[in-house]
Amino acid sequence: MDLKKFVSSIDYDVKLTKYDILGSIAHVNMLAKCKIISKSDAIKITNALSSILKDFENKKIRLQGEDIHTAIESELKKRIGEVAGRMHTARSRNDQVVLDERLYLKEEILIIVGKINNLISVIKKISKNNLSVIMPGFTHLQNAQPVLLSHWLLAYGWMLKRDKERLLDCFKRVDVMPLGAAAFAGTEFSIDRNFVAKQLGFSRISENSVDTVSDRDFIIEFLSDCSIISMHISRIAEELIIWSSQQFGFIEFSNEFTTGSSIMPQKKNPDFAELLKGKTGKIYGNLLSVLTMMKGLPLSYNRDMQEDKEPFFDSVENLKDMLDILSKMIAGLKINSKRMYSACENGFILATDIADYLVSKGLPFRTAHGIVRNIVNYCIKSKKTFGDLSMLEWEKFSTKFNESISVVLNYKKAIEKRKSYGGTSFQSVKNQLKKL
Ligand code: ARG
């Protein structure tokens, strides 16, 4: 059993190196400005911190210690001696770690939002390029009504737009500068917290020092947002998997996103889309992990909280990969529009249109619904489609039918009619594309 290894977090919080150093430089500048340490000491410290960062980024040094904060301080001491010890005046690792996490997350949220934007653009592009492709829309995965493929795909675009808004809203609560809370009670030194906030680009400072070091809500909120995003990704992935099956044949994945089988030579498996779903489980797990770790923790800082980092970083890294892969996957899809159109022949997907037709002839919708159900049952029994029915057969079900019913039996027209705001008509889909 290795006790040191058990309490250590350096293996993963090394990810925070840049933020820890930038935070320390801002802190030390503030200490000098407030005359808590001398200008010359501050310059010595900040210069050495910058060179540590440079060496770290060029992979010239390995930072060693219990965690990244102690590792950087001991590297600093190696370089400039005793004066390094002045850096930690009016500060604790408790507020320092929150600062690092907040700086890191602010950057990552903007990167993720950029990737979501990219995915939305890809979805818009494929929708634009296939604007007139018609497919059966589903409820319960059963053919239901004709719809534009572009309308269907844009549904995912709107989900992703909400995801982006959610992240940017979360950003506001991440964008709070914690330094100055020190261990948890604040400090006796007359520090200038707003000066630190300004240097580091924070728009506010935290209000209660106890809350400041105890709070991981911003991570939990972010992980919840990640869970919703990955849930959306998993839905797109599953839809594409279903569509790529032999039974559907609506789409084909580009070769780079499929793999063969070790035993069945003919196979082209959608492994990447499947893994997008699989990783979603991990992302939910990360949320649950931090939520559970925080449950019942008394104020203020507790070492339990060190365990927030691995799930936090894991969700960031996985989500970024998932978004990149999905964008590329969708951009490379081969759309089989003929197959989509011919799939409309199954499942009597114009039944609603026929009922609406009867409504336009004066029947109450419920009565019309019943009549069309009878027609569908008749067609199933006699192995016919709506298009196969003669005028005489239509009239048997209702005298309201006349020759004009043939106009209703057209998928394109059915789509064109659905002009209600947000509906599947060409015009409304074009409007959506502009708005998204
Ligand atoms: N590595 C610690 C963490 O991630 C830093 C804070 C340590 N504070 C303490 N009082 N031991 O939470």
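Both counts, for ligands and for their atoms, begin at 1 and track the order of listing.
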*Asks:* Should D353 and K417 count as an ion pair when the cut-off is N to O under 4.0 Å?
*Replies:* yes
*Asks:* Please determine whether a side-chain nitrogen of the Lys or Arg among R216 and E101 lies less than 4.0 Å from a carboxylate oxygen of the Asp or Glu.
*Replies:* yes
*Asks:* For atom 4 (O) of ligand 1, what's the nearest protein heavy-atom neighbour? Residue, atom name and distance, please.
*Replies:* K309 NZ, 2.5 Å
*Asks:* At less than 4.0 angstrom from any non-hydrogen atom of Q306, what atoms of ligand 1 do you find?
*Replies:* 1 (N), 2 (C), 3 (C), 4 (O), 12 (O)
*Asks:* Which residue owns the protein heavy atom closest to atom 3 (C) of ligand 1, what's the atom, and how far is it?
*Replies:* Y301 OH, 3.2 Å
*Asks:* Going by the atom numbers of ligand 1, which of them fall below 4.0 Å from some non-hydrogen atom of D67?
*Replies:* 1 (N), 2 (C), 5 (C)
*Asks:* So, are R173 and D217 salt-bridged, with charged N and O less than 4.0 Å apart?
*Replies:* no
*Asks:* Can you tell which part of E66 has a heavy atom less than 4.0 Å from ligand 1: side chain, backbone, both or neither?
*Replies:* neither
*Asks:* When rounded to the nearest 0.5 angstrom, what is the spacing between CG in L179 and CD in Q199?
*Replies:* 10.5 Å
*Asks:* Considering the heavy atoms of R303, write down every atom of ligand 1 situated less than 4.0 Å from one of them.
*Replies:* 11 (N)
*Asks:* In the protein, what heavy atom is nearest to atom 8 (N) of ligand 1, and what distance, to one decimal place, separates them?
*Replies:* N94 OD1, 2.9 Å
*Asks:* At a 4.0 Å threshold, what atoms of ligand 1 neighbour a non-hydrogen atom of S9?
*Replies:* 1 (N)
*Asks:* Under a heavy-atom criterion of less than 4.0 Å, does Q96 contact ligand 1?
*Replies:* no
*Asks:* Would you call D304 and K295 a salt bridge, using N to O less than 4.0 angstrom?
*Replies:* no
